[in-house]
Amino acid sequence: MQLYKNQNLRVHNSLSGKKEVFEPINEGYVGMYVCGPTVYSNVHLGNCRTFMSFDMIFRYLKHLGYKVRYVRNITDAGHLENDADEGEDKIAKKAKLEKIEPMEVVQRYTVDFHNTLQKFNLQPPSIEPTATGHIIEQIGIIKEILDKGYAYEANGSVYFDVVKFNEQNEYGKLSGRKLEDMIANTRELTAQDEKKNPQDFALWKRAEPQHIMRWPSPWGDGFPGWHLECTAMSTKYLGEHFDIHGGGMDLKFPHHECEIAQAEASTGKTPVKYWLHANMLTLNGKKMSKSTGNNIYPAEIISGDNDILSKAYAPSVVRFFMMQAHYTSILDLSDDALQASEKGYQRLMEAMGNLDSLKTTDKSDFDVDTWQQNCYDAMNDDFNTPVLIAHLFDAVKHINLIKEDKEKITKEDKALLQNTLESFVYYVLGLEDQSAGKDDSKILTGVMELLISLRNQARANKDFDTSDKIRDELNALGVQIKDGKDGTTFTIN
RNA sequence: GGCAUCGUGGCCGAGUGGCUAGGCACAGCUCUGCAAAAGCUUGUACAGCGGUUCGAAUCCGCUCGAUGCCUCCA
């Protein structure tokens with residue numbers, strides 16, 4: 001039987017602002033769309049957090065036994081740099097700066113994006129469509145919206161008529177805005193605006209002669225508006241009504257609001273059952289942002305080559321750090337917080353490593369069944385990874401006690417513990433054991449065994465000068481000797 | 001200015017109207033030749049001021065503060 005039949009998952013739906021029982025439209029199947037990156041520069045860590053959050057959600061849904069189709073797009077068509085008519089799309093702008101083809105920019109940063117996510121152990125989505133690969137579909141949707149009367153053409157551009165749409169529908173329901181308020185608060189824009197109303201947004205933009213990225217359309221050469229691709233691709237691969245749409249909080253308005261409007265205008269159906277929004281990662285208390293320069297790149301964290309942090313952190317440590325906060329909470333990145341996470345991560349991984357060699361007996365002091373359900377309860381409560389991790393540390397404590405012969409565990413419980421722990425740590429949280437020394441050679445292991453035996457021999461002979469010298473000098477090299485009940489082990493920091 | 005979110009012990013970070021998550025740091029103890037590791041124990045925190053309630057960090061109101069969105073951004 002599939003796990004989801006027993007495990008009652010609840011998710012926080014941004015549309016209602018409440019936690020709702022998760023019931024997919026088609027039992028057993030989940031369609032999930034997440035807004036991907038615009039590939040005009042390297043992904044920064046804040047981007048990664050969002051994708052990591054949805055990776056965890058993807059993994060947990062699959063763990064529960066759902067068949068998940070996860071679609072995450074690549075925005076490679078470029079968006080306008082600003083709202084003015086002379087707006088230049090950011091991919092073309094970057095291409096000009098670097099004197100390369102737009103598609104060369106796209107390729108370079110797509111590759112960087114994939115490499116980076118792979119380092120953080122993100123699973124690839126089921127489909128990763130590109131905006132430029134779906135121009136025809138986007139034009140199709142524009143036609144439908146025009147036919148329904150919710151858009152108008154102006155000088156080769158097509159705009160969505162928000163005011164008209166709002167007469168029969170509710171524009172702003174996702175972000176809690178009212179169109180009247182928005183109109184009242186709008187600053188006067190340029191007078192020669194093609195738009196009927198400042199709230200209207202582009203479905204298609206006429207390409208100026210110098211604009212490189214352009215496609216033919218019924219309205220002349222141009223390029224699609226930036227909200228449209230997600231509607232086109234989510235509809236194509238997941239249908240007109242699908243289960244989950246995710247993205248960063250900053251996309252809630254206007255991007256996701258416009259997606260809802262486009263879909264409702266063209267199909268008459270609301271596109272998404274559950275809207276999930278991942279919150280921002282801040283740096284020094286401010287949102288990470290490409291445009292303001294307040295950001296840190298993943299490569300800089302992993303290499304330690306930056307002015308913000310005191311040292312390098314392994315990708316899994318960063319992932320663990322992020323999983324220690326709920327995906328809907330703002331998380332502030334700092335050196336102290338990362339260091340604390342690193343210590344905790346190492347303790348968790350060490351316990352994982354010790355699990356296999358635990359001795360079993362005929363009774364258990366640890367109620368593994370209850371513990372396991374606690375883990376599921378945490379995840380079922382809107383993917384509460386911090387609480388899950390708290391439970392994982394409960395298991396760590398028991399593992400250490402059993403290792404020291406202070407507690408007992410049966411063979412069955414040990415198997416269940418091991419199985420559950422590995423599922424949650426490696427599979428659901430996507431952590432990898434990246435503690436130093438894990439993949440070191442047999443030679444090192446042999447040398448260490450020799451040193452350890454020499455030291456223990458010296459201790460047996462009460463030659464503490466020698467034994468301490470071995471211990472202290474190894475420690476100075478970053479190799480820590482740990483004396484346990486069943487002998488001595490070592491870790492490399 | 002409008003909309004929204006948030007303000008938790010030294011730091012990070014969960015949280016349900018009453019049963020004091022967790023991690024890191026700190027201290028004491030156990031263990032140890034001494035340490036380290038591990039285990040145990042302690043810390044009574046919830047921005048401020050009112051209110052509702054038998055009872056609120058958790059509900060309501062106000063004040064202060066922070067952040068996000070309102071223009072591209074995960």
Side-chain angles (χ1 to χ4, degrees), chain A residues 17 34-38 40-41 43-54 75 78-84 87 89-90 172 175-178 181-182 184-187 189 199 226 246-255 257 277-282 285-292 295 320-321 324-326 328-345 347-348 350-351 354 374 378 381 384-394 396-397 399-401 403-404 406-407 459 462 464 467-468 471-472 475 480-485 488-491:
Chain A
V34 172
C35 293
T38 304
Y40 64 96
S41 66
V43 274
H44 64 69
L45 201 67
N47 292 295
C48 292
R49 182 186 180 205
T50 295
F51 299 127
M52 212 181 273
S53 296
F54 286 103
T75 296
H79 296 326
L80 291 179
E81 275 283 289
N82 57 52
D83 213 21
D89 93 45
K90 55 177 67 162
S175 52
R177 283 156 213 251
K178 297 231 177 304
D181 298 342
M182 289 165 62
N185 286 310
T186 308
R187 289 162 291 192
L189 286 172
Q199 274 66 44
W226 75 286
M249 278 291 290
D250 50 349
L251 294 184
K252 209 168 172 182
F253 188 89
H255 185 58
E257 205 69 74
H277 286 97
N279 219 135
M280 301 293 99
L281 179 71
T282 58
K286 297 269 186 205
K287 176 189 168 186
M288 276 199 203
S289 166
K290 287 177 188 176
S291 50
T292 61
N295 65 42
F320 181 74
F321 163 71
Q324 275 188 304
H326 189 82
T328 57
S329 298
I330 293 172
L331 175 63
D332 191 48
L333 184 87
S334 69
D335 199 49
D336 286 347
L338 275 171
Q339 275 188 25
S341 287
E342 184 176 51
K343 292 255 178 69
Y345 164 81
R347 205 158 80 90
L348 175 64
E350 206 171 320
N354 289 332
N374 288 341
D381 184 16
N384 199 327
T385 52
V387 171
L388 169 68
I389 289 171
H391 294 312
L392 297 181
F393 277 104
D394 194 32
V396 167
K397 191 170 89 178
I399 290 169
N400 289 331
L401 284 168
K403 182 167 174 272
E404 299 286 312
K406 287 172 182 162
E407 270 192 12
R459 291 173 71 202
K462 299 207 190 298
F464 297 124
S467 67
D468 288 355
R471 180 227 287 161
D472 296 342
N475 202 32
Q480 192 177 37
I481 295 290
K482 294 179 179 177
D483 295 321
K485 265 220 152 57
T488 304
T489 56
F490 72 97
T491 54

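Below, chain A is the first sequence line, B the second, and so on; all start at residue 1.
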Practice task
For A:Gly247, report the nucleic acid contact type (base, sugar-phosphate, nothing); a contact means any heavy atom under 4.0 Å.
Solution key: sugar-phosphate
Problem - Residues in side chain to side chain donor-acceptor pair (under 3.5 Å) contact with A:Asp381, at least two apart in sequence or another chain - result: A:Lys19
Exercise for the section: Using a 4.0 Å heavy-atom cut-off across all strands, classify A:Asp468 as base, sugar-phosphate, or nothing. Expected result: base
Exercise for the section: For A:Ala325, report the nucleic acid contact type (base, sugar-phosphate, nothing); a contact means any heavy atom under 4.0 Å. Expected result: sugar-phosphate
Handout entry: B:rU32 versus B:rG43 - spacing of their C1' atoms, nearest Å
Key = 27 Å
Practice task
Please report, rounded to the nearest Å, how far the P atom of B:rC73 is from the OH atom of A:Tyr40.
Solution key: 8 Å
Completion exercise
Of B:rA74, B:rC24, B:rC12, the nucleotide closest to the side chain of A:Ala340 is B:rC24
Problem - Which residues share a side chain to side chain donor-acceptor pair (under 3.5 Å) with A:Ser53, sequence neighbours left out - result: none
Problem - Watson-Crick or G-U wobble mate for B:rG55, both contacts under 3.5 Å - result: none
Problem - Nucleotide nearest A:Leu331 when distance is taken to its side chain, options B:rG13, B:rA74, B:rG39 - result: B:rG13
Practice task
Compare all side-chain heavy atoms of A:Leu333 with those of A:Leu338 and state whether any distance is below 4.5 angstrom.
Solution key: yes
Practice task
Identify, with sequence neighbours excluded, every residue that meets side-chain contact (heavy atoms from CB on, under 4.5 Å) alongside A:Thr328.
Solution key: A:His326, A:Asp382
Handout entry: Partner nucleotide of B:rC3 by Watson-Crick or wobble geometry (both distances under 3.5 Å)
Key = B:rG68
Taking only N/O atoms, report every protein-nucleotides 35-37 of chain B pair under 3.5 Å with atom names and distance.
| residue | atom | partner | partner atom | Å |
| --- | --- | --- | --- | --- |
| B:rA35 | N6 | A:Asp483 | OD2 | 2.4 |
| B:rA35 | N1 | A:Asp483 | OD2 | 3.1 |
| B:rA35 | N3 | A:Arg471 | NE | 3.2 |
| B:rA35 | N3 | A:Arg471 | NH2 | 3.4 |
| B:rA36 | O2' | A:Gln480 | NE2 | 2.6 |
| B:rA36 | N1 | A:Asp483 | N | 3.4 |
| B:rA36 | N1 | A:Asp483 | O | 3.0 |

Practice task
Starting from the 5' end of RNA chain B, give me the residue, A:Leu281 or A:Pro254, whose nearest nucleotide shows up first.
Solution key: A:Pro254
Completion exercise
Residues at least two apart in sequence or cross-chain that pass side-chain contact (heavy atoms from CB on, under 4.5 Å) with A:Val396, listed by chain then number, are A:Arg347, A:Leu348, A:Ala351, A:Phe393, A:Asn400
Practice task
Determine the interatomic distance between C1' on B:rA21 and the same-named atom on B:rC46; round to the nearest Å.
Solution key: 14 Å
Exercise for the section: Let me know the distance between NE2 of A:His391 and C1' of B:rA21, rounded to the nearest Å. Expected result: 8 Å
Exercise for the section: Considering only atom C1', compute the distance from B:rA4 to B:rU44 and round it to an integer number of Å. Expected result: 34 Å
Handout entry: Of the listed nucleotides B:rA25, B:rG23, B:rA74, the one nearest the side chain of A:Gln324
Key = B:rG23
Practice task
Flag the pair A:Asn47 / A:Pro37 as yes when at least one side-chain heavy-atom distance between them is below 4.5 Å, and no otherwise.
Solution key: no
Handout entry: Counterpart base for B:rA45, defined by Watson-Crick or G-U wobble contacts under 3.5 Å
Key = none
Problem - Whole-Å P distance, B:rA14 and B:rC49 - result: 25 Å
Fill in the blank from the handout: In Watson-Crick or G-U wobble terms, with both distances under 3.5 Å, the base opposite B:rC31 is none
Handout entry: Partner set under side chain to side chain donor-acceptor pair (under 3.5 Å) for A:Glu350, not counting sequence neighbours
Key = A:Lys482
Problem - Distance, C1' atom - from B:rA74 to B:rC31, rounded to whole angstrom - result: 49 Å
Handout entry: Counterpart residues, side chain to side chain donor-acceptor pair (under 3.5 Å), relative to A:Ser334 (two or more places apart)
Key = none
Practice task
Could you tell me the separation between the CZ atom of A:Phe320 and the C1' atom of B:rG23, rounded to a whole number of Å?
Solution key: 7 Å
Completion exercise
When rounded to whole Å, the CG to P distance for the pair A:Asp332 and B:rU67 reads 11 Å
Handout entry: Side chain to side chain, A:Val34 and A:Phe51, heavy atoms closer than 4.5 Å
Key = yes
Exercise for the section: Take the protein atom CZ of A:Phe253 and the nucleotide atom P of B:rA74, then report the distance between them rounded to whole Å. Expected result: 17 Å
Exercise for the section: Check every strand shown and say whether A:Ser329 touches a base, only sugar-phosphate, or nothing at a heavy-atom separation below 4.0 Å. Expected result: sugar-phosphate
Problem - Donor-acceptor under 3.5 Å (A:Gln480 side chain, A:Thr491 main chain) - result: no
Practice task
Looking at every strand, decide which applies to A:Lys462 at a 4.0 Å heavy-atom threshold: base, sugar-phosphate, or nothing.
Solution key: nothing
Problem - Integer angstrom distance from the P of B:rU41 to that of B:rC24 - result: 15 Å
Practice task
Would you please determine if the base of B:rG33 is stacked by A:Phe464, with stacking meaning a centroid separation under 5.5 angstrom and planes under 30 degrees?
Solution key: yes
Handout entry: Donor-acceptor under 3.5 Å (A:Glu257 side chain, A:Ser175 main chain)
Key = yes
Exercise for the section: Starting at atom CG of A:Leu333, determine the distance to atom P of B:rA74, rounded to an integer number of angstrom. Expected result: 18 Å
Handout entry: For atom NE2 of A:His255 and atom P of B:rC73, their distance in whole Å
Key = 7 Å
Exercise for the section: Counting Watson-Crick and G-U wobble pairs only, both distances under 3.5 Å, name the nucleotide matched with B:rA25, or none. Expected result: none
Quick test: give all pairs of protein nitrogen or oxygen and nucleotides 3-6 of chain B nitrogen or oxygen below 3.5 Å, distance rounded to 0.1 Å.
| residue | atom | partner | partner atom | Å |
| --- | --- | --- | --- | --- |
| B:rC3 | O2' | A:Gly176 | O | 3.2 |

Problem - Rounded distance in Å between the C1' positions of B:rU52 and B:rU58 - result: 14 Å
Problem - P spacing across the pair B:rU20 / B:rU42, given as an integer number of angstrom - result: 12 Å
Practice task
Give one of base, sugar-phosphate or nothing for A:Gly172, where a contact means two heavy atoms less than 4.0 Å apart.
Solution key: nothing
Fill in the blank from the handout: Hits for salt bridge (charged side-chain N to carboxylate O under 4.0 Å, His left out) against A:Arg459, two or more places apart or cross-chain, chain-then-number order -> A:Asp483
Fill in the blank from the handout: Whole-Å distance, A:Leu348 CG to B:rG22 P, equals 15 Å
Exercise for the section: Would you indicate, yes or no, if B:rA74 has its OP1 or OP2 atom less than 4.0 angstrom from a side-chain nitrogen or oxygen of A:Asn47? Expected result: yes
Problem - Distance test, side-chain N/O of A:Asn384 to OP1/OP2 of B:rA14, below 4.0 Å - result: no
Handout entry: Side-chain H-bond candidate by donor/acceptor type, A:Asp332 with A:Thr282, under 3.5 Å
Key = yes
Completion exercise
Testing B:rG23, B:rA74, B:rA38 for proximity to the side chain of A:Asn400, the answer is B:rA38
Handout entry: Candidates B:rU67, B:rA74, B:rC70 - which lies nearest the side chain of A:Lys286
Key = B:rU67
Practice task
Name the closest nucleotide to the A:Asp250 side chain, picking from B:rC69, B:rA21, B:rG23.
Solution key: B:rC69
